[in-house]
Amino acid sequence: MNKKRNVQEQFGKHANRYVTSTTHAKSEDLPMMVEWLQPQKTEKVLDIATGGGHVAHTLAPHVKRVVVSDLTKPMLQAAVNFLETHDNIEAVVADAEELPFLDETFDIVICRIAAHHFPNPDRFIQEVGRVIKKGGAFVLIDNVSSEHREIADFYNSFEEKRDCSHQRALPISEWKALMNQFDLKIQKQSLRKKTLPYHEWVSRMIEDGNEREEIHQMMVGAEQEIKEYFQMEMKENRLLSFAIDEWMVLCTKG
């Protein structure tokens with residue numbers, strides 16, 4: 001439970017920053033999500049770990065109802081405040097690994113840029129499979145690690161250093177194995193490099209300048225192969241931006 005308390009503490013402190021984060025609010029995956037799902041006015045959606053509420057904001061005009069859930073009350077409140085112009089939103093405090101909903105409740109379930117915070121991704125995927133109606137859709141969007149151990153370890157290390165609530169970004173192969181295990185069949189997928197402005201990324205979770213500099217030195221001190229993989233852009237020995245892998249996948253429940 002300490003890991004989940006870390007999540008609550010970290011995101012509780014920085015909730016409003018996730019509402020305004022350009023990385024979360026303005027991204028090509030949001031319109032792509034609508035295109036892939038072709039949502040209907042009769043459908044009920046669950047947005048797991050809603051964060052700033054951007055998924056719900058995008059889908060609410062297209063569906064009957066959106067339930068936004070999050071483990072962290074201040075984060076959920078920030079999302080609800082952001083979503084106040086919509087009249088079809090319901091908010092529920094919920095653990096992604098133990099969802100408080102009956103079996104086959106939702107037509108669509110979505111989890112965006114959050115699963116790397118979950119201690120037990122197998123329980124999360126099992127719960128997703130349980131609450132989706134037969135034939136329903138699941139969209140997962142998340143940062144993923146490389147299949148190469150050294151690069152994956154470096155990525156998870158600097159993410160955890162910035163944010164103690166980070167658990168592990170899984171490689172795609174592990175996600176696919178879990179989806180197969182719980183009868184979620186992949187229909188579409190897309191892998192892209194997502195560029196992150198370094199200062200905004202590090203400042204969202206770290207306020208102490210010395211801690212930010214420690215992370216900076218860790219990243220700029222990496223081997224050239226790793227710098228190239230993360231497409232690190234430098235100017236006068238300062239890191240301006242870098243890129244990570246983001247996977248988006250649409251599954252249907254068999």
Side-chain angles (χ1 to χ4, degrees), residues 1-12 18 33 44-53 55-56 66-76 79 90-147 149 152-153 155-157 159-160 163-187 189 245-254:
M1 288 303 293
N2 286 338
K3 292 179 179 179
K4 292 183 181 180
R5 276 201 292 272
N6 281 343
V7 172
Q8 290 171 313
E9 288 172 8
Q10 284 290 87
F11 286 93
Y18 276 80
M33 174 185 68
K44 186 174 181 181
V45 176
L46 172 62
D47 178 14
I48 296 176
T50 188
V55 164
V66 182
V67 176
V68 293
S69 71
D70 208 282
L71 182 65
T72 307
K73 287 182 182 178
M75 179 65 81
L76 192 60
E90 177 184 346
V92 178
V93 176
D95 184 337
E97 298 174 3
E98 195 173 348
L99 295 170
F101 307 108
L102 297 177
D103 295 359
E104 300 191 359
T105 299
F106 298 96
D107 301 285
I108 297 169
V109 175
I110 298 172
C111 183
R112 177 178 182 257
I113 321 178
H116 55 276
H117 294 287
F118 303 160
N120 305 289
D122 56 334
R123 291 188 201 167
F124 157 60
I125 294 296
Q126 184 176 21
E127 281 290 88
V128 166
R130 182 182 66 78
V131 301
I132 294 179
K133 294 177 182 177
K134 191 172 180 62
F138 170 49
V139 172
L140 174 70
I141 304 166
D142 201 23
N143 310 331
V144 290
S145 65
S146 169
E147 300 289 344
R149 182 66 180 271
D153 286 349
Y155 173 50
N156 281 304
S157 293
E159 280 282 19
E160 187 175 359
D163 176 7
C164 66
S165 71
H166 176 86
Q167 297 299 318
R168 185 167 76 96
L170 274 61
I172 292 173
S173 59
E174 286 191 39
W175 280 124
K176 286 184 174 180
L178 289 174
M179 289 164 180
N180 185 60
Q181 182 181 347
F182 296 109
D183 201 25
L184 294 167
K185 294 177 171 54
I186 294 176
Q187 305 297 333
Q189 57 184 309
D245 295 321
E246 182 182 86
W247 188 50
M248 177 170 173
V249 60
L250 168 66
C251 303
T252 52
K253 181 178 176 179

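Just so it is clear, the model here is predicted, and its values are computed rather than measured.
Within the 4.5 Å cutoff, side-chain heavy atoms of Leu178 are placed close to those of Trp175. Counting heavy atoms from C-beta on, the side chains of Val249 and Lys176 never come closer than 4.5 Å. Val128 places none of its side-chain heavy atoms less than 4.5 Å from the side chain of Cys111. By the 4.5 Å heavy-atom criterion applied to side chains, Asp163 and His117 are counted as neighbours.
Taking all atoms of both residues into account, the shortest heavy-atom contact from Asp183 to Lys185 is OD1-NZ, 2.7 Å. Taking every heavy atom of both residues into account, Ser145 and Pro171 meet most closely at OG-N, 3.3 Å. Closest approach of Gly52 and Met75 over heavy atoms only: N-SD, 4.2 Å. Taking every heavy atom of both residues into account, Ile48 and Phe118 meet most closely at CG2-CZ, 4.3 Å. Between Gly51 and Asp70, the shortest heavy-atom distance links the atoms N-OD2, 3.1 Å.
Distance check: Cys251 SG to Ile125 CD1 gives 7.5 Å after rounding to the nearest 0.5 Å. Taking CD1 from Ile108 and OG1 from Thr252, the interatomic distance works out to 12.0 Å, rounded to the nearest 0.5 Å. Leu250 CG to Ile141 CD1: the interatomic distance, rounded to the nearest 0.5 Å, is 10.0 Å. Atom CD1 in Ile132 sits 12.0 Å away from atom CG in Asp103 (nearest 0.5 Å). Distance CD/Gln181 to CD/Gln126: 7.5 Å, rounded to 0.5 Å. Of the inter-residue distances, the one linking Ile110 atom CD1 with Phe138 atom CZ reads 9.5 Å to the nearest 0.5 angstrom.
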(request) Under the side-chain contact (heavy atoms from CB on, under 4.5 Å) rule, what do Phe101 and Val109 come out as? Steps first, then yes or no, please. (result) CA-CA 12 Å; Phe101 307 108; Val109 175; over 6 Å; no
(request) Apply the test side-chain contact (heavy atoms from CB on, under 4.5 Å) to residues Leu140 and Met179: give CA-CA distance (whole Å), side-chain angles for both, the deciding distance (0.1 Å), then the verdict. (result) CA-CA 11 Å; Leu140 174 70; Met179 289 164 180; 3.7 Å; yes
(message) For Asn143 and Tyr155: C-alpha separation, side-chain torsions, deciding distance, then whether side-chain contact (heavy atoms from CB on, under 4.5 Å) applies.
(response) CA-CA 10 Å; Asn143 310 331; Tyr155 173 50; 3.2 Å; yes
(request) Tell me, with the steps shown, if Trp247 and Gln189 meet side-chain contact (heavy atoms from CB on, under 4.5 Å). (result) CA-CA 7 Å; Trp247 188 50; Gln189 57 184 309; 3.2 Å; yes
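In this structure a side-chain-to-backbone donor-acceptor pair under 3.5 Å is present from Ser69 to Asp47. With hydrogens and angles disregarded, a donor-acceptor distance shorter than 3.5 Å links the side chain of Glu127 to the backbone of Leu99. Side-chain atoms of Lys253 come within 3.5 Å of backbone N or O of Gly129 as a donor-acceptor pair.
Between His116 and His166, the ring planes are tilted. Angles from 30° to 60° get that label.
For Lys44 and Asp107, the salt-bridge test fails: no basic side-chain N is under 4.0 Å from an acidic carboxylate O.
Exactly one of Thr72, Val66, Leu76, Val67 qualifies for a side-chain contact (heavy atoms from CB on, under 4.5 Å) with Thr50. That residue is Leu76.
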